2 protein chains.
Amino acid sequence: MLELAILGLLHESPMHGYELRKRLLSLLGAIRAAFSYGSLYPTLKRMRQRGLIAEEAPGTPGAEKPLLTGRRARKVYRLTPEGKEHFAQLMSEAGPETADEALFGVHFAFFSRTDPATRLRILEARRRRVEERRERIREALARTAERLDSYGFELQRYGLETAEREVRWLNELIASEQGRNPGQNDFGDRLADPGRPTRSATEDEDSSEPDKGGMRDG
Amino acid sequence: MLELAILGLLHESPMHGYELRKRLLSLLGAIRAAFSYGSLYPTLKRMRQRGLIAEEAPGTPGAEKPLLTGRRARKVYRLTPEGKEHFAQLMSEAGPETADEALFGVHFAFFSRTDPATRLRILEARRRRVEERRERIREALARTAERLDSYGFELQRYGLETAEREVRWLNELIASEQGRNPGQNDFGDRLADPGRPTRSATEDEDSSEPDKGGMRDG
DNA sequence: CCGCAGATGTATCGGTCCGATACATCGAAT
DNA sequence: ATTCGATGTATCGGACCGATACATCTGCGG
(Lines give C-alpha, C1' and ligand atoms only; values in the text may rest on other atoms or scores of the structure.)
Protein backbone atom coordinates (compact mmCIF):
# COMPACT_ATOMS: atom_id res chain seq x y z
CA MET A 1 0.00 0.00 0.00
CA LEU A 2 2.57 2.47 1.14
CA GLU A 3 4.91 0.68 -1.22
CA LEU A 4 2.58 1.32 -4.13
CA ALA A 5 2.28 4.98 -3.23
CA ILE A 6 6.05 5.38 -3.01
CA LEU A 7 6.59 3.71 -6.34
CA GLY A 8 3.96 5.93 -7.88
CA LEU A 9 5.45 9.11 -6.51
CA LEU A 10 9.00 8.22 -7.48
CA HIS A 11 7.73 7.97 -11.04
CA GLU A 12 7.72 11.76 -11.09
CA SER A 13 11.23 12.28 -9.82
CA PRO A 14 13.73 10.99 -7.23
CA MET A 15 12.94 12.08 -3.71
CA HIS A 16 14.07 11.67 -0.14
CA GLY A 17 11.89 10.47 2.73
CA TYR A 18 10.78 13.77 4.10
CA GLU A 19 9.73 15.07 0.73
CA LEU A 20 7.95 11.82 -0.07
CA ARG A 21 5.90 12.21 3.05
CA LYS A 22 4.89 15.73 2.15
CA ARG A 23 3.88 14.69 -1.34
CA LEU A 24 2.00 11.73 0.12
CA LEU A 25 0.14 14.11 2.36
CA SER A 26 -0.90 16.45 -0.39
CA LEU A 27 -1.77 13.63 -2.78
CA LEU A 28 -3.68 11.33 -0.44
CA GLY A 29 -4.43 13.56 2.53
CA ALA A 30 -7.85 14.33 1.11
CA ILE A 31 -9.09 10.81 1.58
CA ARG A 32 -6.92 9.02 4.13
CA ALA A 33 -4.53 9.75 6.95
CA ALA A 34 -0.99 10.43 5.82
CA PHE A 35 1.52 7.69 6.34
CA SER A 36 3.77 8.30 9.30
CA TYR A 37 7.54 8.15 9.33
CA GLY A 38 7.22 5.06 11.45
CA SER A 39 6.01 3.25 8.36
CA LEU A 40 7.78 5.27 5.72
CA TYR A 41 11.42 4.74 6.65
CA PRO A 42 11.21 1.01 7.32
CA THR A 43 9.32 0.60 4.04
CA LEU A 44 11.97 2.54 2.15
CA LYS A 45 14.66 0.36 3.66
CA ARG A 46 12.81 -2.82 2.73
CA MET A 47 12.19 -1.61 -0.81
CA ARG A 48 15.82 -0.74 -1.21
CA GLN A 49 16.85 -4.19 -0.07
CA ARG A 50 14.45 -5.69 -2.58
CA GLY A 51 15.92 -3.57 -5.33
CA LEU A 52 12.73 -1.65 -6.10
CA ILE A 53 14.42 1.65 -5.38
CA ALA A 54 18.04 2.73 -5.14
CA GLU A 55 19.90 5.46 -3.36
CA GLU A 56 20.94 8.26 -5.61
CA ALA A 57 24.71 8.46 -5.51
CA PRO A 58 26.12 11.83 -4.41
CA GLY A 59 28.64 13.56 -6.64
CA THR A 60 31.90 12.95 -4.82
CA PRO A 61 31.99 10.31 -2.10
CA GLY A 62 34.84 12.07 -0.33
CA ALA A 63 33.78 15.00 1.90
CA GLU A 64 30.15 14.99 0.78
CA LYS A 65 29.06 17.66 3.22
CA PRO A 66 27.23 20.08 0.95
CA LEU A 67 24.21 18.42 -0.60
CA LEU A 68 22.15 20.86 -2.62
CA THR A 69 22.01 24.06 -0.60
CA GLY A 70 24.40 23.10 2.13
CA ARG A 71 21.97 20.77 3.83
CA ARG A 72 22.71 17.75 5.88
CA ALA A 73 22.94 14.20 4.57
CA ARG A 74 19.75 13.15 2.84
CA LYS A 75 18.99 9.87 1.19
CA VAL A 76 17.50 10.46 -2.21
CA TYR A 77 15.78 7.46 -3.71
CA ARG A 78 15.10 6.80 -7.33
CA LEU A 79 13.04 4.17 -9.08
CA THR A 80 14.87 1.15 -10.50
CA PRO A 81 13.61 -0.73 -13.57
CA GLU A 82 12.49 -3.49 -11.20
CA GLY A 83 10.53 -0.94 -9.21
CA LYS A 84 8.89 0.37 -12.34
CA GLU A 85 7.88 -3.11 -13.34
CA HIS A 86 6.61 -3.92 -9.88
CA PHE A 87 4.52 -0.76 -9.89
CA ALA A 88 2.97 -1.66 -13.24
CA GLN A 89 2.20 -5.11 -11.95
CA LEU A 90 0.60 -3.83 -8.74
CA MET A 91 -1.43 -1.28 -10.66
CA SER A 92 -2.78 -3.88 -13.05
CA GLU A 93 -4.28 -5.92 -10.22
CA ALA A 94 -7.99 -5.40 -9.91
CA GLY A 95 -9.01 -8.09 -7.43
CA PRO A 96 -11.14 -7.65 -4.32
CA GLU A 97 -8.18 -6.28 -2.35
CA THR A 98 -8.29 -3.15 -4.46
CA ALA A 99 -11.79 -2.50 -3.14
CA ASP A 100 -10.42 -1.73 0.30
CA GLU A 101 -10.85 1.91 1.15
CA ALA A 102 -7.17 2.71 1.59
CA LEU A 103 -5.80 0.69 -1.30
CA PHE A 104 -8.55 1.93 -3.60
CA GLY A 105 -7.58 5.50 -2.80
CA VAL A 106 -3.96 4.93 -3.75
CA HIS A 107 -4.92 3.16 -6.94
CA PHE A 108 -7.29 5.95 -7.85
CA ALA A 109 -4.63 8.57 -7.26
CA PHE A 110 -2.52 6.90 -9.93
CA PHE A 111 -5.36 6.04 -12.27
CA SER A 112 -3.79 7.98 -15.11
CA ARG A 113 -1.02 5.36 -15.16
CA THR A 114 -3.47 2.48 -15.56
CA ASP A 115 -5.28 1.25 -18.61
CA PRO A 116 -9.01 2.00 -18.87
CA ALA A 117 -10.10 -1.62 -18.50
CA THR A 118 -8.34 -1.96 -15.16
CA ARG A 119 -9.70 1.36 -14.00
CA LEU A 120 -13.20 0.19 -14.72
CA ARG A 121 -12.74 -3.11 -12.93
CA ILE A 122 -11.33 -1.39 -9.86
CA LEU A 123 -14.17 1.12 -9.74
CA GLU A 124 -16.71 -1.67 -10.05
CA ALA A 125 -15.02 -3.74 -7.38
CA ARG A 126 -15.09 -0.77 -5.04
CA ARG A 127 -18.73 -0.10 -5.85
CA ARG A 128 -19.62 -3.70 -5.10
CA ARG A 129 -17.88 -3.40 -1.77
CA VAL A 130 -19.64 -0.20 -0.77
CA GLU A 131 -23.00 -1.56 -1.90
CA GLU A 132 -22.55 -4.60 0.32
CA ARG A 133 -21.69 -2.35 3.20
CA ARG A 134 -24.74 -0.22 2.49
CA GLU A 135 -26.99 -3.28 2.51
CA ARG A 136 -25.50 -4.47 5.77
CA ILE A 137 -26.27 -1.13 7.36
CA ARG A 138 -29.84 -1.23 6.04
CA GLU A 139 -30.36 -4.67 7.47
CA ALA A 140 -28.87 -3.71 10.81
CA LEU A 141 -31.09 -0.65 10.88
CA ALA A 142 -34.22 -2.59 10.11
CA ARG A 143 -33.30 -5.27 12.60
CA THR A 144 -32.26 -3.14 15.55
CA ALA A 145 -33.85 0.26 15.01
CA GLU A 146 -36.11 0.04 18.04
CA ARG A 147 -33.22 -1.02 20.26
CA LEU A 148 -31.05 1.97 19.35
CA ASP A 149 -30.77 5.13 21.33
CA SER A 150 -30.72 8.35 19.34
CA TYR A 151 -26.93 8.39 19.03
CA GLY A 152 -26.77 4.85 17.78
CA PHE A 153 -29.50 5.65 15.34
CA GLU A 154 -27.76 8.79 14.14
CA LEU A 155 -24.55 6.83 13.61
CA GLN A 156 -26.36 4.30 11.43
CA ARG A 157 -28.15 7.00 9.51
CA TYR A 158 -25.00 8.97 8.80
CA GLY A 159 -23.09 5.84 7.84
CA LEU A 160 -25.85 4.79 5.48
CA GLU A 161 -25.94 8.20 3.87
CA THR A 162 -22.16 8.10 3.50
CA ALA A 163 -22.31 4.75 1.74
CA GLU A 164 -25.09 5.92 -0.55
CA ARG A 165 -23.14 9.02 -1.42
CA GLU A 166 -20.04 7.02 -2.29
CA VAL A 167 -22.05 4.69 -4.51
CA ARG A 168 -23.43 7.69 -6.40
CA TRP A 169 -19.90 9.03 -6.80
CA LEU A 170 -18.64 5.71 -8.11
CA ASN A 171 -21.59 5.50 -10.48
CA GLU A 172 -20.64 8.83 -11.97
CA LEU A 173 -17.02 7.79 -12.30
CA ILE A 174 -17.97 4.51 -13.95
CA ALA A 175 -20.32 6.25 -16.35
CA SER A 176 -17.57 8.69 -17.16
CA GLU A 177 -15.12 5.86 -17.82
CA GLN A 178 -17.57 4.06 -20.05
CA GLY A 179 -18.22 7.24 -21.94
CA ARG A 180 -14.65 7.26 -23.14
CA ASN A 181 -13.55 5.51 -26.23
CA PRO A 182 -12.89 2.04 -24.83
CA GLY A 183 -9.77 1.50 -26.90
CA GLN A 184 -8.14 4.78 -26.15
CA ASN A 185 -6.73 6.50 -23.18
CA ASP A 186 -6.97 10.23 -23.40
CA PHE A 187 -4.92 10.61 -20.26
CA GLY A 188 -2.16 8.25 -21.17
CA ASP A 189 -0.16 10.52 -23.42
CA ARG A 190 1.44 12.35 -20.55
CA LEU A 191 2.56 9.18 -18.83
CA ALA A 192 3.61 7.25 -21.92
CA ASP A 193 6.54 9.61 -22.27
CA PRO A 194 9.56 7.81 -20.89
CA GLY A 195 12.20 10.28 -21.93
CA ARG A 196 11.05 13.21 -19.87
CA PRO A 197 13.92 14.62 -17.82
CA THR A 198 11.93 15.24 -14.65
CA ARG A 199 13.39 18.01 -12.60
CA SER A 200 13.08 18.11 -8.86
CA ALA A 201 9.49 18.78 -7.91
CA THR A 202 10.25 21.22 -5.14
CA GLU A 203 9.56 24.47 -6.92
CA ASP A 204 8.54 23.12 -10.27
CA GLU A 205 6.20 25.27 -12.29
CA ASP A 206 5.51 22.99 -15.21
CA SER A 207 1.84 23.43 -15.97
CA SER A 208 1.55 21.76 -19.34
CA GLU A 209 -1.69 20.05 -18.43
CA PRO A 210 -4.53 21.36 -20.56
CA ASP A 211 -6.72 18.32 -20.12
CA LYS A 212 -9.33 18.47 -17.45
CA GLY A 213 -12.97 18.00 -16.79
CA GLY A 214 -13.42 14.55 -18.26
CA MET A 215 -15.70 13.61 -15.41
CA ARG A 216 -16.91 17.01 -14.43
CA ASP A 217 -19.97 16.78 -16.58
CA GLY A 218 -22.70 17.01 -13.99
CA MET B 1 -10.21 1.47 21.13
CA LEU B 2 -11.36 -2.09 20.77
CA GLU B 3 -11.08 -2.26 24.52
CA LEU B 4 -13.46 0.65 24.90
CA ALA B 5 -15.94 -0.92 22.51
CA ILE B 6 -15.84 -4.23 24.36
CA LEU B 7 -16.37 -2.56 27.71
CA GLY B 8 -19.28 -0.63 26.29
CA LEU B 9 -20.95 -3.67 24.83
CA LEU B 10 -20.51 -5.78 27.93
CA HIS B 11 -22.48 -3.13 29.77
CA GLU B 12 -25.58 -4.58 28.17
CA SER B 13 -24.99 -8.19 29.07
CA PRO B 14 -22.25 -10.83 29.29
CA MET B 15 -21.14 -12.14 25.92
CA HIS B 16 -18.65 -14.45 24.27
CA GLY B 17 -16.19 -13.43 21.56
CA TYR B 18 -18.16 -14.43 18.53
CA GLU B 19 -21.24 -12.63 19.72
CA LEU B 20 -19.21 -9.56 20.65
CA ARG B 21 -17.89 -9.40 17.13
CA LYS B 22 -21.36 -9.55 15.64
CA ARG B 23 -22.61 -6.81 17.93
CA LEU B 24 -19.51 -4.78 17.12
CA LEU B 25 -20.29 -5.17 13.44
CA SER B 26 -23.87 -4.03 13.72
CA LEU B 27 -23.03 -1.19 16.10
CA LEU B 28 -19.96 0.23 14.37
CA GLY B 29 -20.09 -1.32 10.92
CA ALA B 30 -21.83 1.78 9.58
CA ILE B 31 -18.79 3.95 10.08
CA ARG B 32 -15.69 1.78 10.33
CA ALA B 33 -14.46 -1.67 9.47
CA ALA B 34 -15.38 -4.31 11.99
CA PHE B 35 -12.66 -5.52 14.27
CA SER B 36 -11.27 -8.87 13.28
CA TYR B 37 -10.83 -11.88 15.48
CA GLY B 38 -7.14 -11.34 15.17
CA SER B 39 -7.55 -8.30 17.41
CA LEU B 40 -10.57 -9.39 19.38
CA TYR B 41 -9.31 -12.54 21.06
CA PRO B 42 -5.91 -11.20 22.11
CA THR B 43 -7.62 -8.09 23.45
CA LEU B 44 -10.08 -10.17 25.45
CA LYS B 45 -7.21 -12.16 26.90
CA ARG B 46 -5.32 -9.01 27.86
CA MET B 47 -8.39 -7.45 29.43
CA ARG B 48 -9.06 -10.55 31.42
CA GLN B 49 -5.51 -10.54 32.74
CA ARG B 50 -5.93 -6.90 33.74
CA GLY B 51 -9.12 -7.73 35.55
CA LEU B 52 -11.39 -5.57 33.41
CA ILE B 53 -13.51 -8.54 32.46
CA ALA B 54 -13.97 -11.99 33.93
CA GLU B 55 -15.02 -15.35 32.59
CA GLU B 56 -18.52 -16.27 33.52
CA ALA B 57 -18.41 -19.42 35.59
CA PRO B 58 -20.49 -22.28 34.22
CA GLY B 59 -23.12 -23.84 36.47
CA THR B 60 -21.42 -27.04 37.55
CA PRO B 61 -17.65 -27.30 37.12
CA GLY B 62 -17.89 -31.07 36.78
CA ALA B 63 -18.92 -32.32 33.31
CA GLU B 64 -19.78 -28.89 31.86
CA LYS B 65 -20.47 -30.18 28.36
CA PRO B 66 -23.87 -28.68 27.65
CA LEU B 67 -23.65 -24.91 27.55
CA LEU B 68 -26.94 -23.39 26.55
CA THR B 69 -28.22 -25.46 23.64
CA GLY B 70 -25.67 -28.22 23.72
CA ARG B 71 -22.97 -26.21 22.01
CA ARG B 72 -19.29 -26.51 22.41
CA ALA B 73 -17.23 -24.70 25.04
CA ARG B 74 -17.66 -20.95 24.85
CA LYS B 75 -16.02 -18.33 26.99
CA VAL B 76 -18.59 -15.88 28.22
CA TYR B 77 -17.16 -12.65 29.58
CA ARG B 78 -18.78 -10.25 31.97
CA LEU B 79 -17.81 -6.78 33.15
CA THR B 80 -16.03 -6.47 36.48
CA PRO B 81 -16.39 -3.37 38.69
CA GLU B 82 -12.86 -2.41 37.60
CA GLY B 83 -13.92 -2.69 33.98
CA LYS B 84 -16.95 -0.51 34.63
CA GLU B 85 -14.78 2.11 36.23
CA HIS B 86 -12.22 1.95 33.46
CA PHE B 87 -14.96 2.42 30.90
CA ALA B 88 -16.27 5.49 32.69
CA GLN B 89 -12.78 6.90 32.85
CA LEU B 90 -12.10 6.30 29.16
CA MET B 91 -15.44 7.78 28.19
CA SER B 92 -14.82 10.93 30.19
CA GLU B 93 -11.65 11.71 28.27
CA ALA B 94 -12.17 14.39 25.68
CA GLY B 95 -8.65 15.18 24.53
CA PRO B 96 -7.39 15.38 20.98
CA GLU B 97 -7.12 11.58 20.74
CA THR B 98 -10.90 11.37 20.76
CA ALA B 99 -10.93 13.39 17.54
CA ASP B 100 -9.47 10.47 15.61
CA GLU B 101 -11.97 9.03 13.24
CA ALA B 102 -12.07 5.55 14.71
CA LEU B 103 -12.00 6.49 18.37
CA PHE B 104 -14.56 9.22 17.84
CA GLY B 105 -16.92 6.70 16.29
CA VAL B 106 -16.71 4.41 19.28
CA HIS B 107 -17.19 7.26 21.71
CA PHE B 108 -20.18 8.49 19.77
CA ALA B 109 -21.76 5.05 19.74
CA PHE B 110 -21.78 5.15 23.55
CA PHE B 111 -22.66 8.81 23.91
CA SER B 112 -25.75 8.03 25.91
CA ARG B 113 -23.43 6.80 28.66
CA THR B 114 -21.51 10.09 28.79
CA ASP B 115 -22.40 13.36 30.39
CA PRO B 116 -23.49 16.22 28.08
CA ALA B 117 -20.42 18.36 28.75
CA THR B 118 -18.07 15.60 27.62
CA ARG B 119 -20.21 14.92 24.59
CA LEU B 120 -19.94 18.53 23.58
CA ARG B 121 -16.20 18.65 24.03
CA ILE B 122 -15.70 15.49 21.99
CA LEU B 123 -17.90 16.76 19.17
CA GLU B 124 -16.03 20.05 19.13
CA ALA B 125 -12.64 18.33 19.15
CA ARG B 126 -13.72 16.21 16.22
CA ARG B 127 -15.03 19.25 14.37
CA ARG B 128 -11.75 21.07 14.90
CA ARG B 129 -9.90 18.09 13.49
CA VAL B 130 -12.07 17.82 10.38
CA GLU B 131 -11.90 21.58 9.81
CA GLU B 132 -8.11 21.44 9.85
CA ARG B 133 -8.20 18.61 7.40
CA ARG B 134 -10.59 20.56 5.18
CA GLU B 135 -8.28 23.57 5.20
CA ARG B 136 -5.30 21.41 4.33
CA ILE B 137 -7.15 20.05 1.33
CA ARG B 138 -8.13 23.54 0.23
CA GLU B 139 -4.56 24.71 0.43
CA ALA B 140 -3.29 21.66 -1.43
CA LEU B 141 -5.92 22.21 -4.09
CA ALA B 142 -5.03 25.86 -4.54
CA ARG B 143 -1.33 25.08 -4.54
CA THR B 144 -1.26 22.12 -6.90
CA ALA B 145 -4.46 22.30 -8.92
CA GLU B 146 -2.72 22.93 -12.21
CA ARG B 147 -0.34 20.01 -11.66
CA LEU B 148 -3.11 17.51 -11.05
CA ASP B 149 -4.52 15.17 -13.64
CA SER B 150 -8.28 14.76 -13.63
CA TYR B 151 -8.18 11.79 -11.23
CA GLY B 152 -6.02 13.59 -8.74
CA PHE B 153 -8.30 16.57 -8.98
CA GLU B 154 -11.40 14.45 -8.52
CA LEU B 155 -9.87 12.84 -5.45
CA GLN B 156 -9.21 16.22 -3.88
CA ARG B 157 -12.67 17.45 -4.77
CA TYR B 158 -14.42 14.44 -3.31
CA GLY B 159 -12.28 14.54 -0.19
CA LEU B 160 -13.01 18.20 0.31
CA GLU B 161 -16.72 17.65 -0.11
CA THR B 162 -16.55 14.77 2.38
CA ALA B 163 -14.86 16.96 4.96
CA GLU B 164 -17.36 19.76 4.43
CA ARG B 165 -20.22 17.34 4.81
CA GLU B 166 -18.86 15.99 8.07
CA VAL B 167 -18.40 19.49 9.45
CA ARG B 168 -22.04 20.25 8.65
CA TRP B 169 -23.08 17.05 10.38
CA LEU B 170 -21.05 17.90 13.46
CA ASN B 171 -22.48 21.40 13.49
CA GLU B 172 -25.98 19.99 13.62
CA LEU B 173 -25.04 17.59 16.38
CA ILE B 174 -23.41 20.36 18.39
CA ALA B 175 -26.38 22.64 17.94
CA SER B 176 -28.62 19.81 19.00
CA GLU B 177 -26.53 19.21 22.12
CA GLN B 178 -26.53 22.88 23.03
CA GLY B 179 -30.26 23.05 22.54
CA ARG B 180 -30.77 20.63 25.39
CA ASN B 181 -31.07 21.58 28.98
CA PRO B 182 -27.39 21.58 29.95
CA GLY B 183 -28.02 19.79 33.21
CA GLN B 184 -30.20 17.01 31.92
CA ASN B 185 -29.98 14.09 29.63
CA ASP B 186 -33.29 13.35 28.01
CA PHE B 187 -31.84 10.43 26.08
CA GLY B 188 -30.67 8.43 29.05
CA ASP B 189 -32.70 5.35 28.32
CA ARG B 190 -34.47 4.37 25.15
CA LEU B 191 -36.52 6.70 23.07
CA ALA B 192 -37.17 4.83 19.89
CA ASP B 193 -39.98 6.21 17.80
CA PRO B 194 -42.58 3.45 17.54
CA GLY B 195 -44.02 4.92 14.38
CA ARG B 196 -42.25 4.64 11.06
CA PRO B 197 -39.05 2.60 11.11
CA THR B 198 -36.41 4.85 9.62
CA ARG B 199 -36.84 5.32 5.95
CA SER B 200 -33.53 6.52 4.61
CA ALA B 201 -32.77 8.55 1.54
CA THR B 202 -32.69 5.82 -1.04
CA GLU B 203 -33.13 7.84 -4.18
CA ASP B 204 -34.32 11.21 -3.00
CA GLU B 205 -32.04 13.96 -1.91
CA ASP B 206 -31.63 17.60 -2.64
CA SER B 207 -34.34 18.46 -0.19
CA SER B 208 -32.04 21.25 0.98
CA GLU B 209 -34.33 22.04 3.84
CA PRO B 210 -32.36 23.57 6.68
CA ASP B 211 -35.08 22.89 9.21
CA LYS B 212 -34.12 19.40 10.48
CA GLY B 213 -34.46 20.41 14.12
CA GLY B 214 -31.67 18.34 15.51
CA MET B 215 -31.84 14.65 16.10
CA ARG B 216 -35.23 13.05 16.39
CA ASP B 217 -36.55 15.05 19.28
CA GLY B 218 -40.01 14.33 20.53
C1' DC C 1 25.57 38.05 19.46
C1' DC C 2 22.82 34.57 21.80
C1' DG C 3 19.28 31.70 22.27
C1' DC C 4 15.54 29.38 20.85
C1' DA C 5 11.63 28.03 18.27
C1' DG C 6 10.37 25.72 14.09
C1' DA C 7 11.21 23.50 9.80
C1' DT C 8 14.00 19.91 7.85
C1' DG C 9 15.77 15.36 8.02
C1' DT C 10 16.56 10.15 9.39
C1' DA C 11 15.50 6.50 12.27
C1' DT C 12 13.67 3.07 15.96
C1' DC C 13 10.38 1.08 19.32
C1' DG C 14 6.22 -0.64 21.24
C1' DG C 15 1.74 -1.35 20.37
C1' DT C 16 -2.75 -2.05 17.84
C1' DC C 17 -5.03 -3.94 14.33
C1' DC C 18 -5.80 -6.90 10.14
C1' DG C 19 -5.90 -10.98 6.96
C1' DA C 20 -4.90 -15.59 6.61
C1' DT C 21 -5.03 -19.70 8.64
C1' DA C 22 -6.01 -23.68 11.62
C1' DC C 23 -9.03 -26.46 14.06
C1' DA C 24 -13.51 -28.16 15.84
C1' DT C 25 -18.70 -28.75 16.28
C1' DC C 26 -23.28 -28.42 14.68
C1' DG C 27 -27.63 -28.21 11.68
C1' DA C 28 -29.39 -28.41 7.18
C1' DA C 29 -29.41 -29.38 2.55
C1' DT C 30 -28.00 -32.59 -1.18
C1' DA D 1 -23.18 -39.94 3.63
C1' DT D 2 -21.37 -35.79 2.89
C1' DT D 3 -20.68 -31.40 1.80
C1' DC D 4 -21.75 -26.71 3.16
C1' DG D 5 -22.24 -22.80 6.00
C1' DA D 6 -22.73 -20.90 10.52
C1' DT D 7 -20.75 -20.99 15.04
C1' DG D 8 -16.79 -20.83 17.91
C1' DT D 9 -11.72 -20.05 19.79
C1' DA D 10 -7.18 -19.01 18.76
C1' DT D 11 -2.38 -17.74 16.72
C1' DC D 12 0.94 -15.68 13.47
C1' DG D 13 3.22 -12.47 10.44
C1' DG D 14 2.93 -8.15 8.71
C1' DA D 15 1.40 -3.21 8.05
C1' DC D 16 0.81 0.86 10.08
C1' DC D 17 0.82 4.50 13.80
C1' DG D 18 2.28 7.59 17.65
C1' DA D 19 5.89 8.75 20.45
C1' DT D 20 10.39 9.54 20.80
C1' DA D 21 15.27 10.56 19.89
C1' DC D 22 18.68 13.06 17.71
C1' DA D 23 20.90 16.39 14.54
C1' DT D 24 21.18 20.47 11.40
C1' DC D 25 19.77 24.71 9.37
C1' DT D 26 17.03 29.17 9.40
C1' DG D 27 15.06 33.07 11.11
C1' DC D 28 13.39 35.81 14.78
C1' DG D 29 13.45 38.56 18.98
C1' DG D 30 16.12 40.28 22.73
Side-chain angles (χ1 to χ4, degrees), chain A residues 1-6 15-25 28-29 32-50 53 55-56 58 64-77 90 95-103 105-106 129 200 202-203, chain B residues 1-6 15-25 28-29 32-50 53 55-56 58 65-77 90 95-103 105-106 129:
Chain A
M1 243 233 57
L2 176 50
E3 191 178 289
L4 178 65
I6 291 172
M15 265 178 263
H16 53 100
Y18 193 82
E19 198 179 354
L20 263 171
R21 212 255 172 173
K22 280 201 303 182
R23 298 278 294 115
L24 239 19
L25 189 62
L28 301 173
R32 70 168 325 281
F35 294 95
S36 84
Y37 295 117
S39 338
L40 182 58
Y41 286 114
T43 300
L44 284 172
K45 188 195 249 181
R46 201 191 326 135
M47 290 170 72
R48 192 176 143 284
Q49 285 164 350
R50 282 207 284 153
I53 58 178
E55 255 180 86
E56 195 97 303
E64 67 284 310
K65 246 82 92 6
L67 278 171
L68 272 84
T69 59
R71 290 212 179 284
R72 198 190 82 160
R74 303 185 296 186
K75 291 192 179 176
V76 178
Y77 294 100
L90 287 177
E97 335 84 60
T98 59
D100 278 310
E101 164 118 41
L103 189 50
V106 179
R129 178 72 61 93
S200 82
T202 41
E203 211 51 50
Chain B
M1 242 233 58
L2 177 51
E3 191 177 290
L4 179 64
I6 291 172
M15 268 178 262
H16 52 100
Y18 192 83
E19 199 179 352
L20 262 171
R21 212 254 173 173
K22 281 202 303 183
R23 297 280 294 116
L24 239 18
L25 188 62
L28 301 173
R32 68 165 332 275
F35 294 95
S36 84
Y37 295 118
S39 338
L40 182 58
Y41 285 114
T43 300
L44 284 172
K45 189 195 247 181
R46 201 191 326 135
M47 290 171 72
R48 192 175 144 284
Q49 285 165 351
R50 284 207 283 152
I53 57 178
E55 256 180 82
E56 194 95 305
K65 247 83 92 3
L67 278 170
L68 272 83
T69 59
R71 289 213 178 284
R72 198 189 81 158
R74 303 186 297 186
K75 292 191 179 176
V76 177
Y77 295 100
L90 286 177
E97 334 85 60
T98 58
D100 279 310
E101 166 119 39
L103 190 50
V106 179
R129 176 74 59 93

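In this text the structure is predicted, and so the values were computed from the model without any measurement. By convention in this document, chain letters (A, B, ...) are assigned in the order of the sequence lines, proteins followed by strands, and residues within each chain are numbered from 1. Because only heavy atoms are used, hydrogens play no part in the values below, and waters and symmetry mates are left out as well, while side chains stay in.
At whole-Å resolution of the value, NE2 in A:H16 and P in C:dA7 are 16 Å apart. The separation between A:M15 atom CE and C:dG9 atom P is 13 Å, rounded to whole Å. Atom CG in A:L20 sits roughly 14 Å away from atom P in D:dC16 (whole-Å rounding). If you take OH of B:Y41 and C1' of C:dC23, they are 13 Å apart, rounded to a whole angstrom. We find that CZ of A:R74 is positioned 13 Å from C1' of C:dA7, with the value rounded to whole Å. The OH-C1' distance, from A:Y77 to C:dG9, rounds to 12 Å in whole Å. Taking atom OH on A:Y18 and atom P on C:dA7, their separation rounds to 8 Å, with Å as the unit. When rounded to the nearest whole Å, the span between CG of A:L25 and C1' of D:dC16 equals 16 Å.
Interatomic distance, CZ of A:R129 versus CD of A:E97, reported as 9.0 Å (0.5 Å rounding). With values rounded to the nearest 0.5 angstrom, B:M15 atom CE is found 11.5 Å from B:I53 atom CD1. Atom NE2 of B:H16 and atom NZ of B:K22 lie 7.5 Å apart (nearest 0.5 Å). If you take CE on A:M1 and CD1 on A:I6, they are separated by 10.0 Å, rounding to the nearest 0.5 Å.
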Pairs of donor and acceptor atoms involving the side chains of residues 36-45 of chain A, under 3.5 Å and at least two apart or interchain, shall be tabulated with distances.
unit_1	atom_1	unit_2	atom_2	d
A:S36	OG	A:G38	N	3.1
A:T43	OG1	A:S39	O	2.6
A:T43	OG1	A:R46	NH2	3.3

Original post:
Which nucleotides of nucleotides 15-21 of chain C have their base under 4.0 Å from a protein heavy atom (B), which only their sugar-phosphate (S), and which neither (-), written as one string 5' to 3'?
Top reply: -SSBB--

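One finds no side-chain N or O of B:K45 lying less than 4.0 angstrom from the OP1 or OP2 phosphate oxygen of D:dT9. Checking the phosphate oxygens (OP1, OP2) of C:dG9, no side-chain nitrogen or oxygen of A:K22 falls inside 4.0 Å.
Using a 4.5 Å heavy-atom threshold, the side chains of A:E55 and A:Y77 count as touching.
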